[in-house]
> 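My questions will all concern the structure given below.
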Protein chains: 4
Amino acid sequence: MKDGRPTRQRIHDAALRLFVEKGVTETSVRDLAQAAGIAEGTLYRHYASKDDLVADLFARNYTAFAHHLTALQAPLHGFRPRLAALIGEIFRFHDDNPTLFRFLLLVQHQGLPRIADGADNPVSVLHELVEQGIKDGDLGLTDPALATAMILGLMLQPATAIIYGRLQAPLSRFTDQINSACLRALDSTGQPTEVHHG
Amino acid sequence: MKDGRPTRQRIHDAALRLFVEKGVTETSVRDLAQAAGIAEGTLYRHYASKDDLVADLFARNYTAFAHHLTALQAPLHGFRPRLAALIGEIFRFHDDNPTLFRFLLLVQHQGLPRIADGADNPVSVLHELVEQGIKDGDLGLTDPALATAMILGLMLQPATAIIYGRLQAPLSRFTDQINSACLRALDSTGQPTEVHHG
Amino acid sequence: MKDGRPTRQRIHDAALRLFVEKGVTETSVRDLAQAAGIAEGTLYRHYASKDDLVADLFARNYTAFAHHLTALQAPLHGFRPRLAALIGEIFRFHDDNPTLFRFLLLVQHQGLPRIADGADNPVSVLHELVEQGIKDGDLGLTDPALATAMILGLMLQPATAIIYGRLQAPLSRFTDQINSACLRALDSTGQPTEVHHG
Amino acid sequence: MKDGRPTRQRIHDAALRLFVEKGVTETSVRDLAQAAGIAEGTLYRHYASKDDLVADLFARNYTAFAHHLTALQAPLHGFRPRLAALIGEIFRFHDDNPTLFRFLLLVQHQGLPRIADGADNPVSVLHELVEQGIKDGDLGLTDPALATAMILGLMLQPATAIIYGRLQAPLSRFTDQINSACLRALDSTGQPTEVHHG
DNA sequence: TATGAATGAGCCTTCATTCAT
DNA sequence: CATGAATGAAGGCTCATTCAT
């Protein structure tokens with residue numbers, strides 16, 4: 001039961017895994033303790049409550065990832081290189097730790113109000129990039145919220161498809177295709193090739 | 001408390017609303033009964049269990065919508081008109097009953113295994129359309145799963161953005177933009193306009 | 001397990017008994033349910049919480065008893081008859097339901113702030129009687145709070161002595177002795193008989 | 001956190017204070033450790049258990065006080081001087097350390113069986129004094145248990161009134177009044193002054 | 001069908017206590 | 001002696017479900 005890792009790390013890992021596998025509400029503290037190889041009471045030495053564990057897990061990683069994405073773009077200039085870097089990094093992150101990625105996706109839909117919009121939010125990072133791109137005339141679209149949603153959809157839905165076995169991991173296989181699909185989707189002035197239809 | 005609608009319909013409506021507002025697990029049978037204006041025990045005259053209610057609500061509507069989408073395409077021919085019809089109908093469905101739409105989106109992520117892939121599944125309907133489109137040479141992409149994910153992302157993420165207030169309803173406002181964005185995204189041979197980058 | 005009494009009454013009786021026997025905090029909801037012959041969850045159909053049960057049990061009886069004492073005095077006039085009636089009634093109450101009496105004594109020391117001073121409080125009833133007595137010149141003492149404490153002590157300490165087996169029940173045996181002891185104690189002008197001391 | 005006092009003393013003080021403030025059961029070992037500025041485990045270097053701490057605190061002080069009261073009476077003779085000395089000392093004790101006084105009062109109602117009756121018990125000391133007084137013909141009453149209860153009530157209820165703010169500390173203000181009230185209450189042959197009643 | 005009191009398993013959390021450092 | 005993380009039993013409470021009316 002005891003392995004080398006510190007207690008907190010074992011809670012962290014077990015929680016991430018179970019929350020993604022069964023859902024947050026569906027995972028009991030009993031489940032958590034069992035999976036982490038600790039007693040139930042032990043969890044409360046590290047987190048004030050189950051909710052606190054979820055919030056901490058989410059906020060810490062969500063924020064860190066947002067900061068990482070922001071840092072990544074500092075040396076780059078222009079919409080295209082920055083978007084490419086963003087997508088590449090997000091896909092790499094997914095492949096490095098799919099469980100964490102899915103947890104963030106999962107909880108985002110429940111715990112969003114906890115995290116204020118701003119630089120700490122990966123979605124905001126993307127949104128700001130898009131806004132800047134529109135201002136610089138790099139995009140055909142003029143609604144930043146719509147453009148952000150499109151990019152998000154083109155990135156996250158393939159990730160979801162992997163979860164359900166409709167697409168084969170790793171996600172990074174699709175980095176280039178998704179990147180160029182984003183560029184095309186956003187460029188409303190482009191001329192789609194004429195296609196045959198019967 | 002009593003209104004004109006039959007009991008079953010009132011359970012249906014209350015459940016949909018509460019499940020979307022608070023989550024399925026977070027909604028208790030007591031909540032349901034209270035919102036529907038019935039006694040707790042009464043729910044069990046209509047559904048074998050809470051799970052059964054969820055499953056029934058999901059399956060019935062998910063399937064019906066899939067059939068509807070299939071029927072819609074029968075008179076149409078070719079990828080483009082069919083995709084346009086699909087998107088138009090999905091967006092219209094969202095705007096007509098956002099609660100049901102969100103419920104389907106929500107439960108899909110938990111109850112998916114219940115619904116076998118096939119004609120009863122809206123995602124499958126899209127998938128088959130895409131497969132046919134590829135076979136007919138109407139799309140630049142060759143991976144139907146990836147193309148399906150892209151279209152799905154371009155449709156669903158704007159719907160999600162509306163939930164979080166990042167985009168203004170109705171979703172139908174974006175039908176044309178999303179439709180053409182799908183076409184561009186899927187057309188890997190198209191030439192994105194040259195853009196300035198600094 | 002089932003007897004004829006309604007559930008609420010059985011909870012009431014079991015709670016009173018256990019609270020007095022073991023203390024409020026020391027009595028678990030599990031204990032309560034077992035003693036009342038009901039399931040744990042059943043308690044929560046009748047009381048919002050364990051605290052609520054305690055508060056309700058206390059407030060209801062404490063208040064009712066205060067009202068009863070007040071009513072009792074309406075037809076009487078003057079300090080002495082009223083005090084005699086008060087003591088007689090309090091002792092009779094003790095003997096009729098010693099468990100309830102002890103519960104009120106017990107919880108009073110923890111839940112006092114819940115019950116505002118006033119006509120709903122047996123101690124206040126006594127206090128007001130004493131105040132009136134002082135105003136009418138019926139007492140030697142001039143501090144109503146002190147006089148109230150004295151009477152209270154002369155009544156309650158014998159009740160306590162019965163609990164600990166230092167005095168034999170019923171308490172009513174001592175009604176007259178305590179009543180006259182109160183009168184003597186309160187009459188600071190009286191001349192205690194000269195007594196021999198060796 | 002560390003102050004000059006030895007660990008045991010700090011536990012002692014913190015325990016007394018918290019037990020009186022919140023109740024024994026309501027005070028956790030964690031509360032105790034925090035208030036005493038020690039680690040939770042440290043408490044167990046000094047006491048075998050929380051119960052043991054309570055018992056020790058109670059027995060030690062209860063016994064010591066009984067001995068003190070006994071010693072106090074050795075040089076005095078006769079019921080009256082001894083009672084006066086007793087009351088004076090008890091009230092002084094209350095005022096010197098109200099927290100300890102209240103703790104003794106509090107725990108007495110829960111832990112009494114632990115302490116055998118006898119010379120180690122302040123109540124017994126009073127009881128014996130009363131018995132001797134009756135034997136010597138110094139009291140009007142003939143039931144020593146009842147007389148003891150009366151004296152106890154006349155002393156303790158004012159102390160209780162101070163806790164609840166119904167009377168102003170210090171208790172010693174009332175020494176003489178309570179002393180003479182005891183004498184009058186115990187003297188069943190005394191003639192209460194005739195009072196007016198309307 | 002409808003009701004709503006009753007059920008008891010299970011949930012999150014707290015607690016007194018232990019023990020390796 | 002002191003520490004504080006770890007323990008797991010027990011606590012109060014909620015829940016989906018049953019059943020007599």
Side-chain angles (χ1 to χ4, degrees), chain A residues 1-2 6-8 10-11 25-34 36-53, chain B residues 2 6-8 11 25-34 36-54, chain C residues 1-2 6-8 10-11 25-34 36-54, chain D residues 1-2 6-8 11 25-34 36-54:
Chain A
M1 217 155 259
K2 253 285 183 187
T7 301
R8 209 182 166 89
R10 295 162 69 192
I11 296 175
T25 310
E26 290 73 15
T27 300
S28 70
V29 171
R30 206 99 84 197
D31 293 336
L32 246 20
Q34 200 159 47
I38 59 169
E40 275 179 73
T42 301
L43 193 145
Y44 292 86
R45 287 215 165 253
H46 298 272
Y47 299 94
S49 66
K50 183 187 160 185
D51 268 10
D52 184 58
L53 165 61
Chain B
K2 257 283 183 186
T7 301
R8 211 182 165 89
I11 296 176
T25 309
E26 289 73 16
T27 300
S28 69
V29 170
R30 180 171 295 191
D31 293 335
L32 249 18
Q34 202 159 47
I38 59 168
E40 281 179 66
T42 301
L43 192 143
Y44 292 86
R45 300 275 155 203
H46 298 271
Y47 299 95
S49 67
K50 182 185 160 186
D51 270 9
D52 186 57
L53 164 61
V54 176
Chain C
M1 217 154 258
K2 254 283 184 187
T7 302
R8 210 184 165 89
R10 295 162 70 194
I11 296 174
T25 311
E26 290 73 14
T27 300
S28 70
V29 171
R30 212 96 86 193
D31 294 334
L32 247 20
Q34 202 158 46
I38 58 168
E40 275 178 74
T42 301
L43 193 145
Y44 292 88
R45 287 212 166 255
H46 298 271
Y47 299 95
S49 66
K50 183 187 160 184
D51 268 10
D52 184 57
L53 165 61
V54 175
Chain D
M1 214 153 265
K2 257 283 185 187
T7 301
R8 210 183 166 88
I11 295 175
T25 310
E26 289 73 14
T27 300
S28 69
V29 171
R30 182 172 293 190
D31 292 335
L32 249 19
Q34 203 159 45
I38 59 168
E40 279 180 68
T42 302
L43 192 143
Y44 292 86
R45 300 275 154 204
H46 298 271
Y47 299 94
S49 67
K50 183 187 159 185
D51 269 8
D52 185 57
L53 164 63
V54 176

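We name chains A, B, ... by the order of the sequence lines, and we start the count at 1 in each one.
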> Taking the side chain as every heavy atom from C-beta outward, state whether Leu32(B) and Ile38(B) have any atom pair closer than 4.5 Å.
no
> What pairs with Ser28(D) under side-chain hydrogen bond (donor to acceptor under 3.5 Å, both in side chains), at least two apart in sequence or on another chain?
Asp31(D)
> Just need the stems in DNA chain F: three or more back-to-back Watson-Crick or G-U pairs, each with both distances under 3.5 angstrom, sorted by first number.
E:2-21 with F:2-21
> According to salt bridge (charged side-chain N to carboxylate O under 4.0 Å, His left out), who are the partners of Arg8(A), at least two apart in sequence or on a separate chain?
none
> Between the base of dT7(E) and the side chain of Arg45(C), is there a donor-acceptor distance below 3.5 Å?
no
> Quick one: are Tyr44(A) and Val29(A) in side-chain contact, heavy atoms under 4.5 Å?
yes
> In whole angstrom, what separates Ile38(C)'s CD1 from dA5(E)'s P?
13 Å
> Looking at dG4(E), I'd like to know if its phosphate oxygens (OP1 or OP2) sit under 4.0 Å from a side-chain N or O belonging to Thr42(B).
no
> Return the polar atom pairs (N/O with N/O) between nucleotides 11-13 of chain F and the protein under 3.5 Å, or none.
{"from": "dG12(F)", "atom 1": "OP1", "to": "Lys50(C)", "atom 2": "NZ", "distance (Å)": "2.8"}
{"from": "dG12(F)", "atom 1": "OP2", "to": "Val29(C)", "atom 2": "N", "distance (Å)": "2.7"}
{"from": "dC13(F)", "atom 1": "OP2", "to": "Tyr44(C)", "atom 2": "OH", "distance (Å)": "2.7"}
{"from": "dC13(F)", "atom 1": "OP2", "to": "Lys50(C)", "atom 2": "N", "distance (Å)": "2.8"}
{"from": "dC13(F)", "atom 1": "O5'", "to": "Tyr44(C)", "atom 2": "OH", "distance (Å)": "3.3"}
{"from": "dC13(F)", "atom 1": "N4", "to": "Glu40(C)", "atom 2": "OE1", "distance (Å)": "2.7"}

> Using side-chain hydrogen bond (donor to acceptor under 3.5 Å, both in side chains) as the criterion, list what pairs up with Thr25(D), not counting sequence neighbours.
Glu26(C)
> What is the distance from CD of Gln34(D) to P of dT14(E), rounded to the nearest Å?
14 Å
> What distance separates Thr7(C) OG1 from Arg45(C) CZ, expressed to the nearest 0.5 Å?
11.0 Å
> Sequence neighbours left out, what passes salt bridge (charged side-chain N to carboxylate O under 4.0 Å, His left out) with Asp52(D)? Give chain and number order.
none
> I need the Ile11(B) CD1 to Leu43(B) CG distance, nearest 0.5 Å.
4.5 Å
> Expressed in angstrom and rounded to an integer, what is the separation of His46(D) atom NE2 from dT3(F) atom C1'?
12 Å
> Look at Thr7(D) and dC1(F) and indicate whether a side-chain polar atom (N or O) is within less than 4.0 Å of OP1 or OP2.
no
> Salt bridge (charged side-chain N to carboxylate O under 4.0 Å, His left out) with Arg30(B): which residues, sequence neighbours excluded?
Glu40(B)
> Rounded to whole angstrom units, what separation is found between the OH atom of Tyr47(A) and the P atom of dT14(E)?
17 Å
> Could you check how far CZ of Arg8(A) sits from P of dA6(F), rounded to whole Å?
11 Å
> Quickly work out the Leu43(C) CG to dG8(E) C1' distance and round it to whole Å.
14 Å
